[in-house]
Structures are given as structure tokens and as C-alpha cells.
Amino acid sequence: MNNSQVAQVLNSLADTLEIQGEVIYKVLAYRRAAENIANLGRDINELQCAGQLRSIPGVGQAIAEKLDALLTTGTFDLLDRARAEVPAGVVELLRVQDVGPRKVRLFWKELGVTSIAELETAAREGKLKNLPGMGAKSEAKILANVEAFKRRASQTRMPLGLAFPLSQAILRELIRVPNVLRATTAGSLRRMQETIGDLDFLVAAEEAAPVMERFVALPMVAEIIARGPTKSSVRLQNGAQADLRVLDPKRWGTGLQYFTGSQAHNVHLREIAQKKGLSLNEYAITREKGGTPLHGEILCAEEAEVYRALGVPYIPPELRQDRGEFDREIPPLITADDILGDLQMHTTWSDGKASVEEMARAAQARGYRYILITDHTQSLGVAGGLTPERLRQQRQEIDAVNARLTGIRVLQGAEVEVRADGSLDFSDDVLASLDMVVAALHTGLRQEREKFTARMLAAIRHPHVDVIAHPSGRLIGERDGADLDWEAVLRAAAETRTILEINAHPSRLDLDDLHARRAIELGGKLTISTDAHEPDGLDVMFYGVAVARRAWATVEDVVNAWPLERLLSWRAERGAKRDER
DNA sequence: GCCGTTTTCGGCCCGACTGTTTTCAGTCG
């Protein structure tokens, strides 16, 4: 079982216990453990082997024993009992909006409902409205939510690449409302998580009503879920939920901090406040009940003031996941302005849509000093992969472009296929003729762990390979990454000075933040590359930078934030080191 | 069930909105 599967088991156990009416803190303990396991960055099986399960935050004696059994036998006592007592279909009811543990229990115990289909039938037959605490309105709402659930065939979160442009479009509308002073996205969007559940908006305005009106009347709104004086929720036409919160500008800082989350980060911050005898909410910092009163409230118009008032260093939004950001000094994270070049892009020589010169000029316009052209190689026929002969012709064109342009240097590389047996698509002498070599695995992604890992390690240890492109091969929401021994791969890359790519395309974002962070911990180097196939494709760089920031990366960790001379001399040094091995 | 420069027991973040209620429970984030 991998980390996310273990986390899933604990979460569904927590759901089951909650339906059974278990004390909420026990339920929360399982959820917290699950979250921390999902955020681990290390394979939980390794920790088990090393007897270090209890080093995971939120895992004590009891949960450690259960994890041990789970990883060894695939289950444990409490899980078996919970599953025997509560049918899976009952737990599934929680996925319907506005149906929580208490209602699930009510419908199950009173009406014998054990599936979403049965819930729909019961609602249609009018059986829900007579239950205690229920009424006609609640019944109609639940029926509508069941239908909404069925429409959204897959309950998947939106990829960031979809959510980000959509949110910017909505934001532009909100900013235009008269008397709006500030407006921003918040939530997982502001944290730049790779997938987004709800779109969160925060607006500072003297008057809330006009902006609320505009929000619920936006053309992309399909349905109003809730509408209060300071908060509204809508369902968008693409099925996503969007929330708007309007704040007094004097309380912007606390509001933005609260609404950015993550929930785990906020819980942690509020605990810190509590230990100082303070209480934090989205409006202000106040003295806890029973404490000596403050001179009223502490209002924070800026977010940084919230952290300062609580004696905590400012934490950039991308790091607010409760993954140790309160415990360690935060280095100066890389920014988009630090990027000096782009080490993966395609041209009309293979499957790109623009010439070498067009790509070079586009990169120059974005302030870059160098680019690496990385067209596909021969065995990837579908993408018009290059033969050695065509590669030589391309070199001439690149030389000509370099002669014409000043201020940017075009390097010749290739996105070289790693074949099924781990060998590369070009001979060593052809590879040696390139300025840099990017290796990629596009085939056999479903190979078993040992086999795929061996191929990857062969590519990493290959003397001519500089970069591994999109290492896991995942496509967000479509295809999981390959099953890899990540610890072995990340270690080998660090040892051989092989650069691992963060592919900035929002459908990939590969390496992901957790693996990139682990790579850095092990001393490895990264590149953030767009994999552009046309000039505008260069504009996705900021997504990759966000992943790197979430991985705590600094300029030192990211080679395309280095001047070209430094990158090339580091590479030469690396070649010498490899020769010694 | 976890956790500890206030604690090995007694805490555990905090508030908006809705619908069913005559003061609050449930859900959500």
C-alpha cells in the first residue's frame, strides 16, 4: 500500500466512526494522521521497516500499531469491525452535499437507507421530511444534491490549470464593482495546489451588497447555493463551487489569512495563538475568554501583521500545509523573476508549432537569457522524432539563429526516449554532440515497480543524460504516475548530479511538490521547464515555480535560475565527477 | 486518539449559513 492508499483507509475509517457516533476527537485524530501520511514525502513502508511510524506527527501508539498491521496484513481489527458494522454504501452517503454523519445515521437507522440510490428513492417518496430535524425544504435540498452528485460523474477536483484562468476571469468582474477596494483569490488557489476543490474569493469593500449581487449574477454561475450578508456560495456551470467572502478593509489581513488556509495550517496557527492566551479568527486577534482583556481587538489590515502579532515568521501561502512550516526557518523561496532560461521546448523540427527563431524571440521577450531546444527523438514516431541526420541539420539552424540574435543563447538538446530496455534512443557520440540531454520515459509507464525503477536508474546513471523530464509521467486527473522506488531514484539523481525536471505544464506538474522537496533534502538539483510547443506555451512557467516554492526551493536548488555560465561549468564539473566513478 | 516551557490528564480552532427550531443542530470550510 502506498501513502495515499493508507491515508484513504484512515479517512474512510474516520468517516465510519463518525457515523457510529464515536467521540469527535478520536475521529479527528485519524483524519489528522491520514493527512500527515499523505503529506509525508517518504514511503510509509520505509518508515515501517525502520520502526519509525511514530515519528509521523499525529501517529501515537494506537495508530502506529494499526498501521503496522495494515501494512503487513492489509487490514486491522478496528477496520474489520467498522466495515462489518457500517455498510460501504452508508459511508458513501457522506459524498452528497449537506448530508453529514448525523443525517447519514438518521437515514440509515430510521429508514434503512444504505446507498445513494436508496436515499434518492426515499426523498422522492417523501420519507425524509418527517424525520426529526428534517422538513420539506431539507428533503428537496437533499434530492437536488443527489441529482447534482449524479451529474458530476466523477467527483474530481479541478486541475490548477483550469481553475487559475477561470478564477482570474471572475476576479476581473469583482474588481470592477464600484466601491470594491481589494479583491483576491484565496484558498487552495492562492496556495497553488495542483488541484482545486472550490474557488475562493475575498473582497474588501465598504458595502457588501453590491459585490454579492454581482457575484451571484455572473454569467458562469449556474445556481446559488447560499447567500448571506457577508458570504455567498454558487455552483458554476462547470460544476465547481465558488465562495465569496466580503470583508471590512481594516480586517483584510486576518480575513485573507483565514481564507487562504490550509485548514491544517490555520488550526496550527490558532493553537499557537491559544498558547499565548490569544484567540484568532477571520476578523481579529482577541484575548481568550478569561484572560486579561486587550485594549479591544488587534486588527490586521495586512496579512503579515497577523503572523507578526503572533510572533511567527511570515509564511508564504504556498507553504501553508502544516508540513513543518512553523518548525523550520523558511529560506528565500524561488520566484518567477529568478528564472533565467527554459530547458525544455519543442519546435517545428518535431511536434512544435513554431520555429527555433520564433521560440527564441518569445523567450527573449519573457526576459530569458538562454533556452534549450529539446525536440523528440526518432523512436517517438507519432511526434515526428528526429534522426541523427535531422539533428545535424537542426544544429545548423540553431547556429544561424544564435548568429542573428543577441542577448539570448539557444542551446541544442533533445528529449531523448528511454527505450523499454533502459537504453537511449541515440548512440553516445550523437548524445555527446548535444549541449544538454533531456531523457524521458513515455512508454511502459505501467511497468511493474522494479522494472520501471531500473529503467529510470539506468537513465539517471547514463553518462550523457543531464535532465530527466517529467519523471513520474503522470497526467493530473487522467493518469497516475509510474510506480517508482522514489527514494532510490531521488538519491541516485542527487549522487550523479542528474537534474530532475519540474514540468511546469499544468496537466503534468511533475515532479510534484512532495517529491521535489525530498529531492532537495537529498541534495539534488531541479529544473523548472515549460515543455512549450508554441510561444505562448512558455507562459506556464509560473505553475512550475509554484510547485518549486511548495517544495521549499531556493535559487540554489533550481539550475535554470542560474546564469548560463554557472550552469555549464557545473555541468562540466559533473562530467568530470562521473568519469571518476 | 494525540500530546505536553503551564499539563502524563484534560484539553483539543472558529465562525457562517440553513432550516428547523422558539434557542439550536447540522454541515461546511
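In what follows, chains carry the letters A, B, and so on, assigned in the order in which the sequence lines appear, proteins first and then strands, with residues in each chain numbered from 1. Computed from heavy atoms alone, side chains included, the values below leave out hydrogens, waters and symmetry copies.
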S.K.: Name the orientation of the base relative to the sugar in B/dT7: syn if the glycosidic angle is within 90° of 0, else anti.
M.R.: syn
S.K.: Classify the nucleic acid contact of A/Ala136 as base, sugar-phosphate or nothing, counting any heavy atom under 4.0 Å across all strands shown.
M.R.: sugar-phosphate
S.K.: What's the gap between B/dT7 and B/dC3 when it is taken at their C1' atoms, as a whole Å value?
M.R.: 10 Å
S.K.: Taking atom C1' of B/dC12 as reference, at what distance in whole Å does atom NZ of A/Lys275 sit?
M.R.: 11 Å
S.K.: Using OP1 and OP2 only, check whether a side-chain N or O of A/Lys231 sits under 4.0 Å from B/dA16.
M.R.: no
S.K.: Could you work out the separation of B/dT5 and B/dG1 based on their P atoms and round it to a whole Å?
M.R.: 23 Å
S.K.: Taking atom types as modelled and ignoring hydrogens, do the side chains of A/His265 and A/Gln321 form a donor-acceptor contact shorter than 3.5 angstrom?
M.R.: no
S.K.: Which nucleotide in the set B/dG1, B/dT27, B/dT18 lies at the smallest distance from any side-chain heavy atom of A/Ile63?
M.R.: B/dG1
S.K.: Just call it for A/Asp98: base, sugar-phosphate, or nothing, with non-hydrogen atoms closer than 4.0 Å on any strand.
M.R.: sugar-phosphate
S.K.: In this structure, are over 12 heavy atoms from other groups packed under 6.0 Å from A/Arg190 atom CZ?
M.R.: yes
S.K.: Choosing from B/dC2, B/dT27, B/dG29, which nucleotide comes nearest the side chain of A/Arg102?
M.R.: B/dT27
S.K.: Does B/dC13 have OP1 or OP2 under 4.0 Å away from a side-chain N or O of A/Tyr25?
M.R.: no
S.K.: Check this one for me: any side-chain N or O of A/Asn281 less than 4.0 Å away from OP1 or OP2 of B/dG15?
M.R.: yes
S.K.: Which one, B/dT27, B/dC13, B/dT20, comes nearest to the side chain of A/Lys137?
M.R.: B/dT20
S.K.: Donor-acceptor pair, A/Arg182 side chain versus A/Val203 backbone, under 3.5 Å?
M.R.: no
S.K.: Using the side-chain heavy atoms of A/Gln263, tell me which of these nucleotides is nearest: B/dC14, B/dG29, B/dA16.
M.R.: B/dG29
S.K.: Would you kindly compare A/Val59 and A/Glu271 by the position of their nearest DNA chain B nucleotide and give the one closer to the 5′ end?
M.R.: A/Val59
S.K.: Which listed nucleotide (B/dG1, B/dC14, B/dC17) is nearest to the side chain of A/Pro229?
M.R.: B/dC17
S.K.: Using atom CD of A/Gln61 as one end and atom C1' of B/dG1 as the other, report the distance to the nearest whole Å.
M.R.: 11 Å
S.K.: Scan A/Pro101 against the nucleic acid and name what it touches under 4.0 Å (heavy atoms): base, sugar-phosphate only, or nothing.
M.R.: sugar-phosphate
S.K.: Determine, using ring centers only, whether A/Phe164 and A/Phe542 are less than 6.0 Å apart.
M.R.: yes
S.K.: Which part of the nucleic acid, if any, lies within reach of A/Asp200 when heavy atoms closer than 4.0 Å are counted: base, sugar-phosphate only, or nothing?
M.R.: nothing
S.K.: Can you see if the side chain of A/Ser233 gets near the phosphate of B/dC28 - specifically, an N or O under 4.0 Å from OP1 or OP2?
M.R.: no
S.K.: With rounding to the closest Å, how many angstrom separate the C1' atoms on B/dC2 and B/dT8?
M.R.: 12 Å
S.K.: Using atom CG of A/Leu280 as one end and atom P of B/dG15 as the other, report the distance to the nearest whole Å.
M.R.: 9 Å
S.K.: Using both distances under 3.5 Å as the test, list the Watson-Crick or G-U wobble partner of B/dT8, or none.
M.R.: none
S.K.: Looking at A/Gln274, does any N or O in its side chain come under 4.0 Å of the phosphate oxygens OP1/OP2 on B/dC12?
M.R.: yes
S.K.: Between A/Leu189 (CG) and B/dG29 (P), how many Å, whole number?
M.R.: 15 Å
S.K.: Calculate the interatomic distance between A/Phe149 atom CZ and B/dC28 atom P; express it in whole Å.
M.R.: 13 Å
S.K.: When you measure from the side-chain N and O atoms of A/Ser138 to the phosphate of B/dT20, is any distance below 4.0 Å, counting only OP1 and OP2?
M.R.: yes
S.K.: Looking for any heavy atom pair under 4.0 Å, which part of the strands does A/Ile24 touch: base, sugar-phosphate only, or nothing?
M.R.: nothing
S.K.: Quick one: which of B/dA16, B/dG1, B/dG26 gets closest to the side chain of A/Thr230?
M.R.: B/dA16
S.K.: Roughly how many Å apart are B/dT20 and B/dA25, using the P atom of each and rounding to a whole number?
M.R.: 16 Å
S.K.: Rounded to whole Å, how long is the line connecting atom CD1 of A/Ile142 with atom P of B/dC28?
M.R.: 10 Å
S.K.: Using the C1' atoms only, state how far B/dT18 lies from B/dC12, rounded to an integer number of Å.
M.R.: 27 Å
S.K.: In whole angstrom, what separates A/Ile224's CD1 from B/dT18's C1'?
M.R.: 15 Å
S.K.: Scan A/Lys26, A/Arg31, A/Arg102 and name whichever one has a salt bridge (charged side-chain N to carboxylate O under 4.0 Å, His left out) with A/Glu18.
M.R.: A/Arg31
S.K.: Determine whether a donor-acceptor pair (N or O, by modelled atom type, separation under 3.5 Å) exists between the side chain of A/Thr72 and the backbone of A/Asp68.
M.R.: yes
S.K.: Closest to the A/Arg32 side chain: B/dG15, B/dC13, B/dG29?
M.R.: B/dC13
S.K.: Side chains of A/Ser12 and A/Asp15 only: does a donor on one sit below 3.5 Å from an acceptor on the other?
M.R.: no
S.K.: Identify whether any heavy atom of A/Val99 sits under 4.0 Å from a base atom; if not, whether one sits that close to sugar-phosphate; answer base, sugar-phosphate or nothing.
M.R.: sugar-phosphate
S.K.: Of the candidate nucleotides B/dT18, B/dG1, B/dG19, which contains the atom at the shortest distance from the side chain of A/Ala226?
M.R.: B/dT18
S.K.: Please state how far atom CG in A/Asn130 lies from atom P in B/dT20, giving the value in whole angstrom units.
M.R.: 12 Å
S.K.: Which whole number of Å gives the distance between the C1' atom of B/dC28 and that of B/dC13?
M.R.: 14 Å
S.K.: Could you check A/Phe259 against A/Arg270 and say which one's nearest nucleotide on DNA chain B is further toward the 5' end?
M.R.: A/Arg270
S.K.: So for atom CG, which belongs to A/Asp480, do other residues, nucleotides or ligands contribute more than 12 heavy atoms lying within a distance under 6.0 Å?
M.R.: no
S.K.: Determine the interatomic distance between C1' on B/dG10 and the same-named atom on B/dG15; round to the nearest Å.
M.R.: 24 Å
S.K.: Do A/Glu118 and A/Thr114 get their side chains close enough for a donor-acceptor pair, meaning under 3.5 Å?
M.R.: yes
S.K.: Taking atom C1' in both B/dG26 and B/dT21, compute the distance separating them and give it to the nearest angstrom.
M.R.: 13 Å
S.K.: So what does A/Lys129 touch, heavy atoms closer than 4.0 Å: a base, only the sugar-phosphate, or nothing?
M.R.: nothing
